[in-house]
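A quick write-up on the structure given underneath.
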Amino acid sequence: MQTGIKNQPISPQKKRKKRNGDPFSGWKENLSGYIFIAPMFLGTSLLVLFPIISSLVLSFTDWNFVSGYRNASFVGFENFQKLFTNPLFQKSLINNFIILLAIPVTLFISLSLAVIINKYVYFKDFFKVIYFMPFISSIVAVAVVFQVLFHPTDGPINQFLMAIGVENPPGWIASVAFSLPSVMLIMIWTSIGFNLIIYLAGLQSIPKELYEAAQIDGASAWYQFLKITIPLVSPTTFLLLVTGTISSFKVFDLIIVLTNGGPANSTITPVVYLYQQAFLELKTGYASSVALVLFVIVLIITYFQFLGQKKWVNY
């Protein structure tokens, strides 16, 4: 006995469905979509993709931007050999890794303030604006203000310290020992506002029933903070940790205005070193190698952060 389905004639409705499934049937809609994304695509290509590819190629050349592309000479890995044996670049990397210590401090202060404002403070919007103002303020203006505040002799901070009996106050940005901590302090102050707003959004997504149940069981406020708040805002913390790490490797304008990498290169970072080599020394090929190394370092750190988040981030 044979079983099977005989060939049946295709109905007009099925033919119509096939015709409607033609990828070119909605070409007008596709064309309008491409037109809408064209400005962003062209802008991204010209301002982002092309410079990245050019920097990658130029890192293997001995070239400066004044002479033009035709005068670029291929030197292989010579730029990278010079880079890793340069003590100034090594110092800039060490300074940048020290700056990374400001990120957990910023996160802890921001989360603590967010919890206090979310639970115990009236006029929440007013305090949001106050803490967010440093983040949206011009970093040049912020640096100029702190130049006055951190002045070693006539600054208000040292004047106050001397008034209360401190005989030898710190030199702050004029001191080799205190210049980098001064930069980190300003970075923390300017970043708290952004982190605070993001943490407040994360706190509002935590169910209130969890805190009510913990209070019924007699849990203290500190215990609730450790066992409920911190685990449930861990995705927010991870986001701010990644973005903060990337931002710390891009600190440029604050240092240039505040210390210009000094005193005695105590606040120099890879980005500042890159600027000095590219636009002051006119070693564009060498500076491109700095950019490539910096990109790889940030990529590796971000990769390990994504690996580590599987153990402490609760989704």
* How long is the span from the CZ atom in Phe295 to the CD1 atom in Ile300, to the nearest 0.5 Å? -> 10.5 Å

* To do: Quick one: pull up CD in Gln277 and CZ in Phe89 and give me the separation to the nearest 0.5 Å.
  => 10.5 Å

* Out of curiosity, Ile301 CD1 to Thr245 OG1, how far, rounded to the nearest 0.5 Å? -> 6.5 Å

* Ignoring hydrogens and angles, tell me if any N or O in the side chain of Asn95 forms a donor-acceptor pair with the backbone of Ile268 under 3.5 Å. => yes

* Do other residues, nucleotides or ligands put more than 12 heavy atoms under 6.0 Å from Phe108 CZ? -> no

* Reported CD1-to-OH distance for the pair Ile117 and Tyr131, which is rounded to 0.5 angstrom -> 5.5 Å

* In chain order, what residues pass the side-chain hydrogen bond (donor to acceptor under 3.5 Å, both in side chains) check against Tyr211, with sequence neighbours excluded? -> Thr229

* Cluster question for you: counting only ILVMFWY and a side-chain heavy-atom cut-off of under 4.5 Å, with indirect links fine, are Leu83 and Leu280 together? -> yes

* Asked: Going through the checks in order, is the side chain to side chain contact (heavy atoms under 4.5 Å, CB included) test met by Leu111 and Asn195?
  -> CA-CA 8 Å; Leu111 179 57; Asn195 294 346; over 6 Å; no

* To do: State, yes or no, whether a side-chain contact exists between Phe135 and Ile192 at a heavy-atom distance under 4.5 Å.
  => no

* Asked: When clusters are formed by joining ILVMFWY residues with side-chain heavy atoms under 4.5 Å apart, either directly or through shared neighbours, do Ile186 and Ile136 land in the same one?
  -> yes

* Atom NZ of Lys119 with >12 non-hydrogen neighbours under 6.0 angstrom -> yes

* Where do Tyr223 and Lys227 land on the side chain to side chain contact (heavy atoms under 4.5 Å, CB included) test, with the steps shown first? -> CA-CA 6 Å; Tyr223 188 85; Lys227 299 300 181 179; 3.5 Å; yes

* Asked: Are Val75 and Leu282 joined in one hydrophobic group, where the rule is that I, L, V, M, F, W and Y side chains link up if heavy atoms are under 4.5 Å apart?
  -> no

* Examine distances only and state if a side-chain atom of Thr106 and a backbone atom of Ser191 form a donor-acceptor pair shorter than 3.5 Å. => no

* **Least distance between heavy atoms, Lys250 atom then Val271 atom** => CA-CG2, 4.1 Å

* To do: Assess the side chains of Ser179 and Thr267: does a donor N or O sit below 3.5 Å from an acceptor N or O?
  => no

* Asked: Got a donor-acceptor contact below 3.5 angstrom from the Asn96 side chain to the Ser248 backbone?
  -> yes

* Hey, are Ser92 and Thr269 close enough side-chain-wise for a donor-acceptor pair under 3.5 Å? -> no

* **Joint cluster assignment, Val242 & Val298, ILVMFWY side-chain distance < 4.5 Å** => yes

* Structure fact -> Taking every heavy atom of Ala264 against every heavy atom of Val176, the minimum-distance pair comes out as CB-CG2, 4.2 Å

* Which distance, rounded to the nearest 0.5 Å, do you find between the CG of Leu240 and the OG of Ser110? -> 7.5 Å

Residues 144-173, side-chain donor-acceptor partners within the protein, below 3.5 Å, at least two apart:
from: Gln147; atom 1: NE2; to: Val257; atom 2: O; distance (Å): 2.8
from: Gln147; atom 1: NE2; to: Leu258; atom 2: O; distance (Å): 3.3
from: His151; atom 1: ND1; to: Thr153; atom 2: N; distance (Å): 3.2
from: His151; atom 1: ND1; to: Thr153; atom 2: OG1; distance (Å): 3.3
from: His151; atom 1: ND1; to: Asp154; atom 2: N; distance (Å): 3.0
from: Asn158; atom 1: OD1; to: Trp172; atom 2: NE1; distance (Å): 2.7
from: Asn158; atom 1: ND2; to: Pro152; atom 2: O; distance (Å): 2.8
from: Asn158; atom 1: ND2; to: Pro170; atom 2: O; distance (Å): 2.9
from: Gln159; atom 1: NE2; to: Thr153; atom 2: O; distance (Å): 2.8

* Going by the angle between their ring planes, with limits at 30° and 60°, are Phe80 and Phe60 parallel, tilted or perpendicular? -> tilted

* Asked: Side-chain contact, heavy-atom cut-off 4.5 Å: Lys128 with Leu196?
  -> no

* Counting N and O atoms only, with roles assigned by atom type, does the side chain of Thr44 sit under 3.5 Å from a partner on the main chain of Phe41, one being a donor and the other an acceptor? -> no

* Of Leu101, Leu100, Ile103, which is the lone residue that meets side chain to side chain contact (heavy atoms under 4.5 Å, CB included) with Met184? -> Leu101

* Asked: Counting distance only, does the side-chain N/O of Ser55 pair as donor-acceptor with the main-chain N or O of Ile52 below 3.5 Å?
  -> no

* Asn79 (side chain) donor-acceptor with Thr61 (main chain) under 3.5 angstrom -> yes

* **Where Gln224 and Ala214 come nearest, the two heavy atoms and their spacing** => CG-CB, 3.9 Å

* Structure fact -> Here the gap from Ser54 atom OG to Leu49 atom CG, rounded to the nearest 0.5 Å, amounts to 10.5 Å

* Asked: Does Leu46 belong to the same Ile/Leu/Val/Met/Phe/Trp/Tyr cluster as Ile37, with side-chain heavy atoms less than 4.5 Å apart forming each link?
  -> no

* **Ring centres under 6.0 angstrom apart (Phe306, Tyr303)** => no

* Check the pair Thr237 / Tyr199 against side-chain hydrogen bond (donor to acceptor under 3.5 Å, both in side chains), numbers first and verdict last. => CA-CA 8 Å; Thr237 302; Tyr199 268 130; 2.8 Å; yes

* Begin from the C-alpha positions of Ile130 and Phe126 and carry the test side chain to side chain contact (heavy atoms under 4.5 Å, CB included) through to its verdict. => CA-CA 6 Å; Ile130 290 178; Phe126 174 73; 3.1 Å; yes

* Under a 4.0 Å N-O cut-off, is there an ion pair linking Glu212 with Lys208? -> no

* Is a side-chain N or O of Asn260 found less than 3.5 angstrom from the main chain of Gly262, in a donor-acceptor match? -> no

* Main-chain N/O of Gly244 paired with Ser247 side-chain donor or acceptor, under 3.5 Å -> no

* Hey, would you say the Phe252 and Tyr275 ring centroids sit under 6.0 Å apart? -> yes

* With no hydrogens and no angle check, do the side chains of Asn86 and Tyr273 hold a donor and an acceptor under 3.5 Å apart? -> yes

* **Heavy-atom side-chain proximity of Leu180 to Ser266 below 4.5 angstrom** => no

* How about Val293 and Phe84: do any of their side-chain heavy atoms sit closer than 4.5 Å? -> yes

* Where do Val251 and Met187 come nearest, in terms of heavy atoms and distance? -> CG2-CE, 3.6 Å

* Structure fact -> On a heavy-atom basis, the closest approach of Val290 and Pro270 is CG1-O, 3.8 Å

* What are the two closest non-hydrogen atoms of Phe36 and Pro39, and how far apart are they? -> O-CD, 3.5 Å

